[in-house]
Amino acid sequence: MLAAMSDFSAPHTLSVDLDHLNQAQRAAVTHPHGPLLVIAGPGSGKTRVITHRIGWLIEQGTPPWRILAVTFTNRAAREMRTRLESLIGQEQGSDVWLGTFHRICVRMLRAHGQEIGVPRNFVIFDSDDQMQVVRSAVKELQLDPKQYSPRALLSRISRAKSEGTSQQDFLAATGSYFDEVAGRVWERYAVQLSEASALDFDDLLLKTLDLFDQETVRQIYEERFDHVLVDEFQDTSTVQYQLARAWSAGSGNLTVVGDPDQSIYSWRSADIRNLNYFVRDHREATEVQLNDNYRSTQQILDVANAVIDRAADRIKRSLVTDNRDGALPRLHEAYSESDEAEYISNHVELGLRDGSLRPGDAAVLYRTNAQSRAIEESLVQHGIPYRLVGATRFYDRREVRDLLAYLRVVRNAADPVAFARVVNVPTRGIGAKTLDTLTEWSDLNARSTFQAAAAAAGIDADALGGYLVPPPVSRRAAASLKEFVTLIDDAREQSSREPLSDVLRSILVKTQYREWLVRQSDTETEAATRWENVQELITVTENYSGIAPGAALDAFLEDVALVADVDDLPDGPPDAVTLITLHQAKGLEFPVVFMIGLEEYLLPHQLSMDDPKQLQEERRLCYVGMTRAMRELHLLYAFRRAYQGRSGHNPPSRFLADIPEELLQRHLRQQARVGEDVRPARNRTVRWDDFDSFDPEPVSAPSVGLKEGDEVSHEIFGDGVVIALRAIGRDAEVTVRFADTGVKRLLASMANLTRA
DNA sequence: GCTACACCGGTTTTT
DNA sequence: CCGGTGTAGC
């Protein structure tokens, strides 16, 4: 810290180098004080600006621990920390308050939460836990889950919370009948969380905001933070913006960095209007725009700009770069999703062979996780390594959640969600009947279900004192409950002395969890995979062996709840093709990008097509995807797509229609009409309308007597399966996946295929 | 109380 | 195609 001060007095020793920044970047970095708004387009060096700004501030004399930098994802936080430390050294870098909104809130709540009645050892309920609670509330209120789906209710409650609506206000408001029901569910929900000493993600933010109503707390932090920086500001919710304001209220030094064009999380209560509010609330704010792109070729940017330009209510801005000698992005019409996948595999294979590409250079971007399947299949066939980001996350796996629930009961026996999850896992003869009895008893006597279990088992849990009549359960159930309660009590005792991993191992042994997994699994492979996950979890807990046994459990459970980021546990080899959703791809970049499923009903997604606002967001999503590409961009759509079991035809995405023809290199099956109002294509021989009659049947070429799925044989290529057919005049192009030689496209009349 | 199986319906994005 | 729920039979 003192070193930094002396740096200030001797500017020539500055180590944060500003020379390689452009003018706009430098302006943002060296903005001395007061509110600052940085509009940072994709690839404009946003992270660099933030890290340099932090570095610069420190050199100007601000102690690192008086700087608070907030991100949305753990990944972003980690990257920023790494880059910051390489810029200004680990010692100073590690002192900066840097983390996600949620992480920072937890830190503040752990320190001061008790002042507003937040339990010292609160646990964090993730979305799965939340869902369980809502489900039980729906049941309790005897609602029809079809009419009032827990999912919809939870999302309504969560939205209200992130908008900063209190439970009381929500109940008092004259909303729809659905809202009324949601209000009642919310009440039950809140009670359950409170009984479990739990906060959900929204609570973490809300309670922290409440914390700042406390004069003492407010003073501490107003004096603490000299500078507050918020990344991805377009993704902030109402409550998050309020937090940012509260944190920066003392100094008035709030820097927000964002890009309205990349706002893709409104469904998670991100409110793009916060950018306007920021300007409204900070009249004197300085605005800096970063439009120079250092990632993509101009050819890619032109396409992306064309798409985002059509967004309504948008202030016109365009990304530019010096990198002008790139190839035109390619638009490829595939026949089906497997054909789409083949295009990618073939392209990657080609690149690998001529050395122009490494697997890790390429990424496949899609709207929905389900789309990854076809790509995976093809990549496997071609022997191309890939890593699937997201999909089923490690901490969402059943076996992992089971064990986490065990640990949660160990930590807090009153946690009803965790209790319900594991009390009969592995099955130990405690069924619905017994559970009902326990629940009833616990409600009646204001005890936890765990205490009910202990009482039923004849174990005198602390608070009972022998005054109460134990819940009437069968002898068998009582014996099982005793076993369970003893197991938990022993584990709790063990957890105060021994490392977490050993606690976990004891539980596994005593419950014979592995045997249960095997019994539960349909195949040996499944059992093996699930056991591997268990082992992996133990490995993770071993990272906590350096912490005192008592505290390790707390720390571990907290981390697990807050880490939804998948790249903490890479799903594959590092040098592999990345398969990732458009949402998750935000903030990443790849030399070669394949965007697949550029079709109506997929992008824009079916569920977003009715609402203009959501449609805009789909457009931005498209823009985000395109701007991930550094060198090559491939846009793909399939003529025919199997989705949810059925096969159908989607027209090409309307966003494609916004791209001027000359900006793309088109590889179309047929000269096709794209989107809605497109200029007439030249030399068009077949219109989309002509294809509709084939739908949902595949295009077939009856004259060649082949259909999809036929097993055929070829003189040179050997045996294979027809995977696609397309008419070319009276002939047909037959795509065959050969067992030995891979996928080939052949002209039926020339190939001389025989049925196998 | 447990398991196996049939059915149903939903099916985006995630800190 | 998946998972969650409901039912019947053990």
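Computed from a predicted model, the values in this text were never measured in an experiment.
To the nearest 0.5 Å, atoms CG (A/Leu557) and CG (A/Asp415) are separated by 9.5 Å.
Side chain of A/Arg428 to main chain of A/Val423: a donor-acceptor pair is present (N/O by atom type, distance under 3.5 Å, no hydrogens or angles). Checked by atom type and distance alone, the side chain of A/Gln234 pairs as donor or acceptor with a backbone atom of A/Asp259 at under 3.5 Å. Judged by distance alone, with hydrogens and angles left aside, the side-chain atoms of A/Arg620 form a donor-acceptor pair with the main-chain N or O of A/Ser263 at under 3.5 Å.
Here A/Trp267 packs flat against the base of B/dT13; its ring centre is closer than 5.5 angstrom to the base's six-membered ring, tilted by less than 30 degrees.
Between A/Thr71 and B/dT15 there is no side-chain N or O to OP1 or OP2 distance below 4.0 Å. Between A/Arg519 and B/dC2 there is no side-chain N or O to OP1 or OP2 distance below 4.0 Å. Contact check, A/Arg135 against C/dT5: a side-chain N or O comes under 4.0 Å of OP1 or OP2. Contact annotation: A/Arg367 does not reach the phosphate of B/dT11 (side-chain N/O to OP1 or OP2, under 4.0 Å). For A/Asn424 and B/dC2, the shortest distance from a side-chain N or O to OP1 or OP2 is below 4.0 Å.
A/Arg401 has its CZ atom 12 Å from the P atom of C/dG4, to the nearest Å. In this structure, the CG atom of A/Leu615 is 17 Å from the P atom of B/dT12, given to the nearest Å. Rounded to whole Å, the distance from CG on A/Asp200 to P on B/dT15 is 15 Å. Distance, A/Asn369 CG to B/dG10 C1': 16 Å, rounded to whole Å. A straight line from OH of A/Tyr241 to C1' of B/dT15 spans 21 Å, rounded to a whole angstrom.
A salt bridge links A/Lys586 with A/Glu232; the closest basic N to acidic carboxylate O contact falls under 4.0 Å.
The cationic group of A/Arg110 lies under 6.0 Å from the six-membered ring centre of A/Phe122 and within 45° of the ring axis, placing it in a cation-pi geometry.
Scanning all heavy atoms of the two residues, the minimum distance from A/Ala527 to A/Val518 falls at CB-CA, 4.1 Å.
Contact annotation for A/Leu204: no contact, since no heavy-atom pair falls under 4.0 Å across all strands. As judged by a 4.0 angstrom heavy-atom cut-off over every strand, A/Arg103 is placed among residues making no nucleic acid contact. Among the heavy atoms of the strands, none lies under 4.0 Å from A/Phe101. At the heavy-atom level, A/Thr434 lies under 4.0 Å from the strands shown only through sugar-phosphate atoms.
Residues A/Gln614 and A/Arg476 both approach DNA chain B. Their nearest nucleotides, taken by heavy-atom distance, put A/Arg476 toward the 5′ side.
Under the 6.0 Å cut-off for aromatic ring centres, A/Tyr241 and A/Phe233 qualify, their centroids lying closer than that.
Listed nucleotides: C/dG4, B/dG1, B/dT15. Nearest to the side chain of A/Phe201: B/dT15. The nucleotide whose nearest atom lies closest to any side-chain atom of A/Arg373 is, among B/dT12, B/dT14, C/dC2, C/dC2. Of the candidate nucleotides C/dG4, B/dT15, B/dT14, B/dT14 has the atom lying nearest to any side-chain atom of A/Gln584.
In DNA chain C, the stems built from three or more successive Watson-Crick or G-U pairs (distances below 3.5 Å) are B:1-9 with C:2-10.
Taking atom P on both B/dT13 and C/dG4, the two are 16 Å apart, rounded to the nearest angstrom.
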